[in-house]
Amino acid sequence: MLGEPFDPRADYAVEHARRPHWSQANTVVFLTIRTKDSIPSEVIKRWEREKNDWLDCRVDRKGRSWREVLPNLEPRIRQAFQRHFNRCREVCLDRCHGDCVLRSRTIAEIVAKSLLHFDGSRYEMGDFVIMPNHVHLLATFPTERDMRKQAASWMRFTARQINVRLGTSGHFWQQEPFDHLVRSSEQYEMLRNYIADNPKKAGLTTGNFLHHRRED
């Protein structure tokens, strides 16, 4: 493996913003970074309703939103919730909503060079794929804080570079990546395969994505 699987007995950090972000030193994390226009606003609003409805069929929310309820649910229900809506998100992303400027090889290479720039010093970069409107990657970071810090750095730097190239301005990325700590070597291999197969599943042809596979 690129690093270690998540160990719930060891120290780890959970930061709460719009969603919980789990991090652990030297643990493999699967990150999804998406462009700000990759999921239509009406879809996001519909998911907000559907998340509350999903929980209503299983627990008593007592009038609270899913954001308040989710962290305190028993693991079985929380994991089922995350699997269901993660699947919804991935299906939506693969429909290639938005301007999809990462389809351009020139723009995709800006992102790829940024991801690899500090590989081996600030982090260990694993496989990644740059899709037309999102990026999936596997990586490890030396401390719990480094994941959020580095993801923000990638997004700031690449947004500036892409805006210059396109003659645009403003936010390019959705501000919070999705992150998942890898639980086992089997899950790690499954995610490597997911990254490799993502372009085919989305119906993309060669030249519309950029795939990097780490050489072990």
Side-chain angles (χ1 to χ4, degrees), residues 2 18-19 21 28-45 47 86-141 146-180 190-215:
L2 176 65
R18 294 191 63 188
R19 65 184 67 88
H21 298 276
V28 184
V29 61
F30 177 69
L31 276 174
T32 299
I33 304 172
R34 64 182 181 88
T35 60
K36 67 177 183 180
D37 61 356
S38 58
I39 299 178
S41 59
E42 61 270 19
V43 173
I44 294 174
K45 291 176 182 177
W47 286 347
N86 285 349
R87 192 178 304 115
C88 291
R89 184 187 69 241
E90 297 304 324
V91 169
C92 185
L93 287 175
D94 288 344
R95 289 174 179 159
C96 296
H97 294 289
D99 291 337
C100 292
V101 300
L102 297 175
R103 194 185 297 270
S104 161
R105 183 76 180 194
T106 301
I107 303 300
E109 284 180 350
I110 291 173
V111 178
K113 288 176 182 177
S114 178
L115 295 179
L116 293 171
H117 187 71
F118 289 109
D119 181 23
S121 56
R122 294 185 181 177
Y123 48 82
E124 294 292 330
M125 179 58 62
D127 297 0
F128 63 78
V129 63
I130 301 171
M131 301 286 283
N133 62 2
H134 66 282
V135 179
H136 292 307
L137 65 91
L138 289 161
T140 63
F141 302 88
D146 286 335
M147 181 189 74
R148 295 290 305 280
K149 181 179 177 182
Q150 186 59 55
S153 177
W154 284 328
M155 290 191 293
R156 282 195 306 271
F157 177 79
T158 56
R160 287 196 299 268
Q161 297 293 312
I162 292 169
N163 278 332
V164 168
R165 180 66 64 130
L166 297 177
T168 55
S169 61
H171 291 300
F172 179 76
W173 302 104
Q174 178 67 28
Q175 293 305 292
E176 284 194 58
F178 293 94
D179 50 80
H180 170 76
M190 182 272 291
L191 288 168
R192 293 191 80 184
N193 291 333
Y194 180 86
I195 286 172
D197 295 341
N198 196 194
K200 181 179 179 180
K201 289 180 178 178
L204 300 180
T205 56
T206 301
N208 290 291
F209 63 91
L210 194 160
H211 177 238
H212 169 83
R213 187 169 180 87
R214 180 185 174 93
E215 297 297 328

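Partners of Arg105 by salt bridge (charged side-chain N to carboxylate O under 4.0 Å, His left out), not counting sequence neighbours, listed by chain and number: Glu109. For Val164, the side-chain contact (heavy atoms from CB on, under 4.5 Å) criterion is met by no residue, not counting sequence neighbours. Looking at residues two or more places apart in sequence or on another chain, you find a ring-ring contact (aromatic ring centres under 6.0 Å, His included) between Phe128 and His212. In this view, Trp47 satisfies the ring-ring contact (aromatic ring centres under 6.0 Å, His included) rule with no residue, not counting sequence neighbours. Looking at residues two or more places apart in sequence or on another chain, you find a side chain to side chain donor-acceptor pair (under 3.5 Å) between Thr205 and Asn208. Here His211 pairs with nothing under the ring-ring contact (aromatic ring centres under 6.0 Å, His included) rule; sequence neighbours left out. The ring-ring contact (aromatic ring centres under 6.0 Å, His included) check on Phe157 picks up nothing, with sequence neighbours excluded. Applying the salt bridge (charged side-chain N to carboxylate O under 4.0 Å, His left out) rule to Arg214 yields the partners Glu124; only residues at least two apart in sequence or on another chain are considered.
For the pairing with Trp154, the ring pair (Phe, Tyr, Trp, His ring centres under 6.0 Å) check across Phe172, Trp173, Tyr123 returns one residue only, Tyr123. Looking at Val135, Ile33, Val111 one by one, the single match for side-chain contact (heavy atoms from CB on, under 4.5 Å) with Met155 turns out to be Ile33.
The two residues Leu2 and Ala139 have their closest heavy-atom pair at CD2-CA, 3.5 Å. For the residue pair Ile195 and Pro199, the shortest heavy atom distance occurs at O-CD, 3.7 Å.
A donor-acceptor pair under 3.5 Å is formed between the side chain of Thr35 and the backbone N or O of Asn133.
Residues Gln174 and Ser38 fail the side-chain proximity criterion, which asks for heavy atoms closer than 4.5 Å.
Interatomic distance, Leu137 CG to Thr32 OG1, rounded to the nearest 0.5 Å: 7.5 Å. Interatomic distance, CG of Leu93 versus NE2 of His134, reported as 5.0 Å (0.5 Å rounding). How far CG of Leu191 is from CG of Asn198: 11.0 Å, rounded to the nearest 0.5 Å. We find the CG-CE distance between Leu204 and Met131 to be 4.5 Å, quoted to the nearest 0.5 Å. Here OG of Ser104 is found 11.0 Å from CD1 of Ile130. Values are rounded to the nearest 0.5 Å.
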Evaluation steps, side chain to side chain donor-acceptor pair (under 3.5 Å), between His21 and Glu176
CA-CA 9 Å; His21 298 276; Glu176 284 194 58; 2.4 Å; yes
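Within the structure, side chain to side chain donor-acceptor pair (under 3.5 Å) contacts touching residues 162-172 (residues at least two apart or in different chains) are Asn163-Thr168, His171-Gln175. Screening residues 88-102 for salt bridge (charged side-chain N to carboxylate O under 4.0 Å, His left out) gives no qualifying pairs among residues at least two apart or on separate chains. Listed by first and then second residue, the salt bridge (charged side-chain N to carboxylate O under 4.0 Å, His left out) pairs that reach into residues 127-138 are Asp127-Arg192, Asp127-Arg213, sequence neighbours excluded.
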Under 3.5 Å donor-acceptor pairs involving side-chain atoms of residues 113-120, not counting sequence neighbours:
unit_1 : atom_1 : unit_2 : atom_2 : d
Asp119 : OD1    : Met125 : N      : 2.8

